[in-house]
Amino acid sequence: MKKCLYRLIFSSLGAFTALTQAILIREYLVSFQGSELSLGIFYASWFFWVALGAALAIKHSSASKHLLTFLSIYALAAALQFLVFRNLKYLAGVEAWELLSFQKALLLTVFANAPISLLTGLIFTYGCWYFKNFTSSSKDAVSSAYIYESLGSFLAGICLTFLLINLINTALIILASCLFLSFLSAVSSVVLKNKGERAFSFSVLALFILLLAFRIPVNRAIGTLRWQTILPEAELIDEIDTPYRHLAVAEYKGNLVITSDGKILVNLTDRIAAEQNASLFAAMADLPVNILILGEGSENKISSLLSFQVKKITNVYQDRRYFYFLKKHAPDEIKTIFQDKKTEFIMQDPRKYLADTAEKFDLIVINKPEPSSLYANKYYTKEFYKLVKKALSDRGVATIKISSDKNFLGEEIRDYGTSVYQTLSNVFEKIVIVPAETAWFFAGNNNSPLSQSADELFLRADVYTPGDFKFKAAGIYSLLEEDRIEFVKNSYLNNPIIENLVNSDNRPLTYFLNLLFSLRYADSRLVKMLKIIFLSGWMVFIFPAMILFFLRICYLKYIDSSIDKRFIFSAKLYQFFSGFSSIVYYLILLFLFQNRFGTVFQY
């Protein structure tokens, strides 16, 4: 009976740990605005505390008798850490709109990850000692522990994926999981007749029963807590998790905004910016009649473009939940675009749509998030731009935007812009830049009507721009100041690493560029070192490998002549490098999965 109970405890421990870790990673990604670059920091701190927990368990072996108490504390720690991760930016003292810097993220993650991971090391080590009572040797106990823990993790992975696909609220999943673990601890204290731990186990169980009974107000409070780290000055109206992101709609300073993973995706009531973009598009593409828009958050642009003499506007994106969420909350002037016969909304991966379509477009607007993740990066690569070019008509124009500055370009922003400019230049013959806080890149072939002349574009805009627009054609001059355009273009062309900044599917630059951006306040020598490593390619790894090989030879030949000690040291060295290699391969596979399938947020 006891043997079966300990098997169940270890399986449940593996399931609970895997499930909690996956949900914490989702919350962590929202704090980092979807960038997977943060995952390395997360796992580094996680395994640091696991190792420390195991070391503490060895030093304080007498505490193993309180295993069931640790299980109850484990459930409490999971709930606490979930709340901490939801409020990560606030704890870091970072503004809601600001990206967490590398230094703050590293320090905060190390401490925020402590509760669950420290207890994981403690409980697993203590559990192995309990298994020794039912096995013939220590090695069999460890093997059994790993088998049942892995089995639980496997089942939890399948169940969690199913729950997330069906968009079950993550706070509810965490509460239900904590309730199950505390229930198991309470039942085990009865079966094992452990009176000393029974009171605490049942108290924790009662707490989670109470929280689950009031799950609606609890979930609302947790949602409000998260919102304080996203846009605290706004009034939250509604929020959902889709397979690709966390979405929320709120009223902010009299405007209706939708946020995606903590960033404002679209201001649904900002007509002037939408009219400015529509007028600029119409002038650059010389009144396009067949328009393709790729990405969410384009509703204002579509509404404004419909005021021009267009025949069809096609909007393609993959997130079906976003479409229904938007229709539910959009103001009346935006809802009209869904009934207009000129518009078509297609729920499909934009890359697949471009690869399959035979239709030709006069204007393609790439309205995707900046390449802060592999999911977003695939819309900024050379291969993607080739698909865009294939779908353009002979005089067609493509346009894409990035955050920038019209008067000053920091080194990191310059590298971002250079990458987009150089990658576009590898596919298209003509490139025009419109610098601003949001810079637009226009690209086309030699037959395209693209122009950098403010006078020519003003004449087009003056003819095409509807009379009821608040944005007037004369505003074109403020967008296309020649000095600013030349300054930005020369900044890109004179970038010393321009030839290395071509973004491709096989060589995505998103992590390199984002790492430089997150280190913008760090020591400049560190940034320079990272650039040297980037430019050196794989050759940079030869030097440390040669040093390790040399040290190994010296150790074997000169330092330790004792065969027993040598075997012990070699075994420990093998354990270290197998763990090091495993997590490296795991992260690489995770990134490859993201690059291929588009999201780790759901799976």
Side-chain angles (χ1 to χ4, degrees), residues 2-21 24 42-78 80-81 110-156 177-178 180-182 184-186 188-189 191-192 194 196-197 200-201 204 568-569 571-580 582-583 586:
K2 288 185 178 181
K3 185 176 182 180
C4 292
L5 181 61
Y6 283 121
R7 286 174 178 173
L8 178 60
I9 288 174
F10 249 88
S11 298
S12 301
L13 176 64
F16 185 80
T17 305
L19 185 146
T20 304
Q21 186 187 79
L24 289 176
F42 179 92
Y43 280 110
S45 60
W46 181 280
F47 287 114
F48 167 77
W49 288 112
V50 169
L52 184 60
L56 288 173
I58 294 172
K59 188 173 182 180
H60 302 281
S61 58
S62 59
S64 62
K65 60 185 177 182
H66 301 299
L67 178 64
L68 298 182
T69 298
F70 282 121
L71 283 178
S72 297
I73 296 173
Y74 202 39
L76 291 171
L80 172 65
Q81 196 162 324
V110 168
F111 288 103
N113 240 342
I116 286 291
S117 43
L118 183 69
L119 285 167
T120 299
L122 279 168
I123 294 172
F124 186 85
T125 305
Y126 289 151
C128 288
W129 290 345
Y130 273 91
F131 258 112
K132 285 169 63 177
N133 299 321
F134 309 106
T135 55
S136 57
S137 65
S138 296
K139 101 179 151 176
D140 290 338
V142 174
S143 298
S144 298
Y146 266 112
I147 288 170
Y148 290 107
E149 190 265 349
S150 299
L151 179 62
S153 299
F154 169 73
L155 294 174
S177 302
C178 291
F180 173 76
L181 192 66
S182 57
L184 180 63
S185 176
S188 299
S189 68
V191 173
L192 298 175
N194 194 329
E197 298 181 272
F200 181 72
S201 296
V204 174
I568 293 172
F569 178 80
K572 291 180 178 178
L573 193 66
Y574 173 78
Q575 286 178 313
F576 173 82
F577 279 108
S578 62
F580 178 87
S582 297
I583 191 61
Y586 171 79

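Start at 1 with the first residue, then count along the sequence. As a basis for the values below, the full set of heavy atoms in this structure was taken, side chains included, without hydrogen atoms, waters or symmetry mates.
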May I ask you to decide if [Y]'s main-chain N or O and [X]'s side chain share a donor-acceptor pair within less than 3.5 Å?
X: S117; Y: W49; answer: no
X: E149; Y: S11; answer: no
X: S189; Y: A186; answer: yes

Euclidean distance, [Y] [atom2] relative to [X] [atom1], rounded to 0.5 Å:
X: W46; Y: I583; atom1: CH2; atom2: CD1; answer: 11.5 Å
X: L119; Y: L76; atom1: CG; atom2: CG; answer: 10.0 Å
X: L67; Y: Y126; atom1: CG; atom2: OH; answer: 9.5 Å
X: T69; Y: I123; atom1: OG1; atom2: CD1; answer: 10.5 Å
X: T125; Y: H60; atom1: OG1; atom2: NE2; answer: 12.5 Å

### Message
Centroid separation under 6.0 Å, is that true for the rings of F16 and F180?
### Response
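Aromatic pair excluded; centres sit 6.0 Å or further apart.
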Could you pull out the closest heavy-atom pair between [X] and [Y], with the gap in Å?
X: S182; Y: V204; result: CB-CG1, 3.9 Å
X: A78; Y: T20; result: CB-CG2, 4.0 Å
X: L181; Y: L71; result: CD2-O, 3.6 Å

Less than 4.5 Å apart, side chain to side chain, heavy atoms only: is that true for [X] and [Y]?
X: Y43; Y: Q21; result: yes
X: L24; Y: F42; result: yes
X: L52; Y: L118; result: yes

### Query
Can you find a side-chain donor-acceptor pair between Y74 and T17 that sits under 3.5 Å?
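Present: a donor and an acceptor within the cut-off.
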### Query
Listed by chain and number, what are the side-chain hydrogen bond (donor to acceptor under 3.5 Å, both in side chains) partners of S185, not counting sequence neighbours?
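S185 satisfies side-chain hydrogen bond (donor to acceptor under 3.5 Å, both in side chains) with S72, S201 only.
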### Partner residues of S45 under the side-chain hydrogen bond (donor to acceptor under 3.5 Å, both in side chains) criterion, sequence neighbours left out
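With sequence neighbours excluded, S45 shows a side-chain hydrogen bond (donor to acceptor under 3.5 Å, both in side chains) to N113, given in chain and number order.
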### Task
Under the side-chain contact (heavy atoms from CB on, under 4.5 Å) rule, what do Y148 and L8 come out as? Steps first, then yes or no, please.
CA-CA 8 Å; Y148 290 107; L8 178 60; over 6 Å; no
